[in-house]
Amino acid sequence: MTARRILVTAALPYANGHIHLGHLVEYIQTDIWVRFQKLRGNKCVFVCADDTHGTAIMIRARQEGRSEEAVIADMRDAHVRDFAGFDIAFDNYGSTNSPENRALCHEIWAKIREAGLVKEEAVEQLFDPKEGTFLADRFVRGTCPRCKAENQPGDNCSKCGATYTPAELINPKSTLSGATPEVRSAQHLFIELEKLHSFLAEWTQSGEHLQDEVANYLKGHFLGDTLRNWDVSRPAPYFGFEIPDAPGNYWYVWFDAPIGYIASTHEWCKKHGEQLDDWWKNPDTEVHHFIGKDITYFHTLFWPGMLKTAGFNLPHKVHIHGFLTVGGEKMSKSLGTFVMGSTYLKHLDPAFIRYYYASKLGPRLDDLDLNLDEFIAKVNADLVGKVVNIASRAAKFVAEQTLCESYPSDGGLFEAAAAKADVIADLYERCDYNNAMREIMLLADAANKYVDEKQPWVLRKDPSKAAEVREICSVALNLFRQLALYLSPVLPKLAQQTAELLNVPIQRWDDVRSPLVGTRVSPFKHMLQRVSVEQVQAMTEESKVVDPATAADAPAAPQWNDGPEALAAEPLAAECTIDDFVKVDLRVARILSAEDVLEANKLLKLTLSLGGDSKRQVFAGIKAAYKPEQLVGRLVICVANLKPRQMKFGLSEGMICASGPGGKDVFLLAPDSGAVPGQRVH
RNA sequence: GGCAAGGUAGCUCAGUCGGUUAGAGCACCGGCUUCAUAAGCCGGGUGUCGCGGGUUCGAGUCCCGCCCUUGCUACCA
């Protein structure tokens with residue numbers, strides 16, 4: 001078999017945040033694949049870099065009162081440190097803000113220009129006059145033009161789901177300065193992707209480069225229609241590279257970010273006397289990208305389009321993975337499940353999460369759930385209880401001795417495990433790590449069973465059986481070494497410790513087929529510590545970010561002393577069905593005005609708004625409990641489909657909901673913040 | 001709304017071309033063992049395969065309809 005030349009990339013982490021456990025799914029997945037390829041004897045290079053450009057970095061630098069370069073330098077140091085802590089071994093870790101990247105952007109841009117794919121168009125965008133910068137949608141907030149919800153993002157309403165442009169927002173504000181933005185027009189450069197439509201349709205649908213789900217997604221979402229032009233420029237000020245033939249304009253961060261893959265490869269080539277063209281312009285080289293599903297279209301449409309136009313290798317494969325959930329939910333800062341890599345490393349061994357992710361990762365883009373109880377159980381049971389246990393229970397009987405000079409008869413166990421080499425290799429190759437781990441654990445079970453049946457600890461008491469004990473341990477340690485080898489892409493440290501124990505390094509996949517004989521066995525040292533619940537809890541505790549708003553309200557030690565009186569005073573009504581309940585249409589309403597009804601003892605006259613022009617007049621018996629001026633503007637819950645009732649003082653068109661016995665003890669219901677008038681209560 | 005992927009044991013999931021009595025790991029229960037980091041070995045499964053139809057000698061699997069979950073839905077990063 002000739003060695004393949006393989007270039008591997010993981011997505012470039014953005015220089016605006018630290019590495020967390022979600023990021024690590026990808027870097028661990030990729031690192032395992034790279035270590036596997038290297039073990040197989042392929043020439044494999046793993047490059048990555050920090051993604052450094054864009055508005056977010058520029059804003060952050062301004063807020064921190066320092067240069068963008070200083071911001072990205074610090075973050076790069078932190079990223080490199082975190083990756084090293086998780087045993088992620090890049091061959092080169094670069095930066096998109098590098099001279100190599102700038103030169104490649106120039107080269108690729110020139111080719112795209114040459115191909116006639118660039119078009120100039122005016123774009124209207126909101127501009128922050130105070131900061132002197134154009135505003136991306138997410139830097140604008142205002143009132144939703146449809147439902148009037150306040151403080152909504154610039155592109156869509158989180159309350160009613162309406163989509164709009166930031167310019168349509170009512171009362172828009174810049175989140176940078178608080179200033180009211182103005183609409184300004186600027187010339188932008190676009191890449192006419194549609195001109196590459198037939199190429200992209202063919203490339204994405206060939207079945208060779210993408211997972212089926214991804215190909216279907218692209219077909220359904222993009223390729224069935226005209227591809228829109230891609231806006232690749234941003235007017236100054238912008239932190240990035242200035243476009244040489246369009247002064248005052250900069251490449252949008254997503255233009256230069258993937259080019260960073262090539263730039264990082266170039267840095268590596270310079271350090272190792274290699275030619276960049278061998279890696280990016282030679283069809284014999286396989287380029288593999290590992291990314292998350294959130295950035296699919298950048299890597300499967302724009303990027304192949306750029307590469308094709310500029311004459312670079314197209315990706316051999318884009319491997320796309322899902323998101324990380326913790327305990328079945330999105331990572332949460334308040335629950336402590338948004339765990340930074342550096343926090344994890346303070347409490348736990350990187351081997352644990354590497355193995356756990358491997359045991360859950362498959363070739364598809366399913367989301368991956370980190371269940372912390374399962375994490376503890378799996379790591380302790382599989383790694384400590386099964387795998388390391390084999391070495392632990394065999395090594396001490398032969399410590400400072402040598403393994404047998406010829407491999408003893410073992411009932412075919414070693415052969416059987418060696419025969420799995422191709423199956424397991426294939427599973428690694430296809431990124432089907434969970435099935436690979438399953439296969440490997442079956443081998444561990446067989447090895448433990450062997451030791452159990454042979455009972456070396458019994459034979460050991462009989463000095464005449466010393467040779468037999470040595471044979472049994474030679475077998476057990478060789479079976480263990482096979483496991484360590486199969487696991488070495490996932491657990492590089494274990495492979496190294498195994499090499500130290502048996503005094504022979506683990507270097508090649510095919511070593512799994514030849515047993516060690518005659519080599520010295522070092523004294524056994526623990527290879528992995530068990531995980532405890534306390535360690536995991538300490539990690540999540542440290543990750544909890546307390547929301548200052550809720551923290552202030554939260555009682556230090558809540559003492560609930562709720563008595564039975566309220567329920568006793570008004571027993572439960574007869575059971576009703578959900579059908580009965582939905583007959584009552586409860587709505588959120590805002591009190592627009594409230595006035596005292598002088599002639600009445602208990603009534604206030606309220607005008608409620610259900611949003612828009614929908615208003616109701618309601619008489620509420622709350623005069624003893626609320627003053628009119630306390631009520632104006634607040635949200636309440638009203639019965640909106642109650643039959644109107646003519647009262648002495650006017651028509652009452654509903655009720656507002658309140659609890660309490662009456663008189664001064666009346667307590668209005670109010671929705672949590674975020675509710676808007678007109679919403680139904682379910 | 002549209003598209004995609006899912007819904008199988010308490011939990012996490014496998015289940016090939018439609019084919020015997022639907023499986024594995026974890027958890028749990030019982031027994032054995034006591035070399036090993038409270039590790040190991042053996043045994044233990046009463047599942048409306050989301051719901052309802054259909055095709056078929058036979059459906060977890062194929063077809064139709066419905067329910068539910070998650071994700072995505074370019075000029076955000």
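Each chain gets a letter, A, B and so on, in the order its sequence line appears, and its residues count up from 1. Values reported hereafter were calculated over all heavy atoms of this structure, with side chains retained and with hydrogens, waters and symmetry mates removed.
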Between B:rU34 and B:rG25 - C1' atom distance, rounded Å: 25 Å

Closest to the A:N448 side chain, choosing from B:rC75, B:rC35, B:rG40: B:rG40

Distance test, side-chain N/O of A:K449 to OP1/OP2 of B:rC42, below 4.0 Å: yes

Polar contact flag, side-chain donor to acceptor under 3.5 angstrom, A:H53-A:W251: no

Whole-angstrom distance between B:rG18 and B:rG60, as gauged at atom C1': 10 Å

A:K293 side chain, from C-beta outward: closest of B:rU37, B:rA74, B:rG71: B:rG71

Under 3.5 Å on both distances, the Watson-Crick or G-U partner of B:rU73: B:rG1

N or O in side chain of A:K396 less than 4.0 angstrom from B:rA36 OP1/OP2: yes

Nearest-Å distance for atom pair CG/P, residues A:L227 and B:rA74: 13 Å

A:K293 to A:F323, cation-pi by 6.0 Å centre distance and 45° axis angle: yes

Residue-phosphate contact under 4.0 Å: A:R530 side-chain N/O, B:rA39 OP1/OP2: yes

Nucleotide opposite B:rC17 in a Watson-Crick or G-U pair, distances under 3.5 Å: none

Sugar-phosphate, base or nothing in reach of A:N389, heavy atoms under 4.0 Å: base

Pair assignment for B:rC66, Watson-Crick or G-U wobble, requiring both distances under 3.5 Å: B:rG50

Touch class at under 4.0 angstrom, heavy-atom based, for A:F190 against every strand present: nothing

B:rU34 pairs with, by Watson-Crick or G-U criteria that keep both distances under 3.5 Å: none

Whole-Å distance separating the CZ atom of A:F397 from the P atom of B:rG40: 16 Å

Sugar-phosphate, base or nothing in reach of A:L365, heavy atoms under 4.0 Å: nothing

Euclidean distance for P, B:rC49 against B:rU21 (whole angstrom): 16 Å

Separation between the P atoms of B:rU70 and B:rC13, rounded to whole Å: 15 Å

Touch class at under 4.0 angstrom, heavy-atom based, for A:M527 against every strand present: base

Pairing partner (Watson-Crick or G-U wobble, both distances under 3.5 angstrom) of B:rG25: B:rC11

Atom-to-atom span, CG of A:N434 to C1' of B:rC13 - whole angstrom: 9 Å

Interatomic distance where OH belongs to A:Y356 and P belongs to B:rU12 [whole Å]: 10 Å

Nearest listed nucleotide, side chain of A:F222, among B:rA74, B:rU37, B:rC75: B:rA74

Among A:F298, A:W254, A:Y261, the one residue meeting side-chain contact (heavy atoms from CB on, under 4.5 Å) with A:W303: A:Y261

side-chain N/O A:Y450 vs B:rC35 OP1/OP2, d < 4.0 Å: no

Separation between the P atoms of B:rC67 and B:rA74, rounded to whole Å: 25 Å

Sugar-phosphate, base or nothing in reach of A:K378, heavy atoms under 4.0 Å: nothing

P-based separation of B:rG19 from B:rU61 [nearest Å]: 11 Å

P spacing across the pair B:rG2 / B:rU16, given as an integer number of angstrom: 30 Å

Side-chain donor-acceptor pair present, A:T52, A:N97, cut-off under 3.5 Å: no

Whole-Å distance separating the CH2 atom of A:W230 from the C1' atom of B:rC76: 14 Å

Position toward the 5' end of RNA chain B (nearest nucleotide), A:N380 or A:V253: A:N380

Span that lies between the P atom of B:rG45 and that of B:rG30, in whole angstrom: 16 Å

Among B:rG40, B:rA74, B:rG71, the nucleotide that comes nearest once only the side chain of A:F323 is considered: B:rG71

Nearest listed nucleotide, side chain of A:L193, among B:rA74, B:rC13, B:rC35: B:rA74

Side chain of A:F524 - closest among B:rC75, B:rU34, B:rU37: B:rU37

Sugar-phosphate, base or nothing in reach of A:D445, heavy atoms under 4.0 Å: sugar-phosphate

Ring centers of A:Y27, A:F290 separated by less than 6.0 Å: no

Sugar-phosphate only, base, or nothing, as touched by A:I390 at under 4.0 Å among non-hydrogen atoms: nothing

Over-ring placement of A:R184 relative to A:F127, 6.0 Å and 45° cut-offs: yes

Centroid under 5.5 Å and tilt under 30°, A:H188 to B:rC75: no

Touch class at under 4.0 angstrom, heavy-atom based, for A:G385 against every strand present: sugar-phosphate

Sugar-phosphate, base or nothing in reach of A:S359, heavy atoms under 4.0 Å: nothing

Whole-Å gap separating C1' (B:rG25) and NZ (A:K386): 7 Å

Centroid-centroid distance, A:F397 to A:W457, less than 6.0 Å: no

Which residue lies more 5' along RNA chain B, comparing A:Y217 with A:E453 via nearest heavy atoms: A:E453

Touch class at under 4.0 angstrom, heavy-atom based, for A:V388 against every strand present: base

Residues, nucleotides or ligands: over 12 heavy atoms within 6.0 Å of A:K386 NZ: yes

A:N435 CG - B:rA14 P separation (whole Å): 9 Å

Residues A:R60 and A:N16: side-chain donor-acceptor under 3.5 angstrom: yes

Distance in angstrom units between A:L501 CG and B:rA36 P, rounded: 16 Å

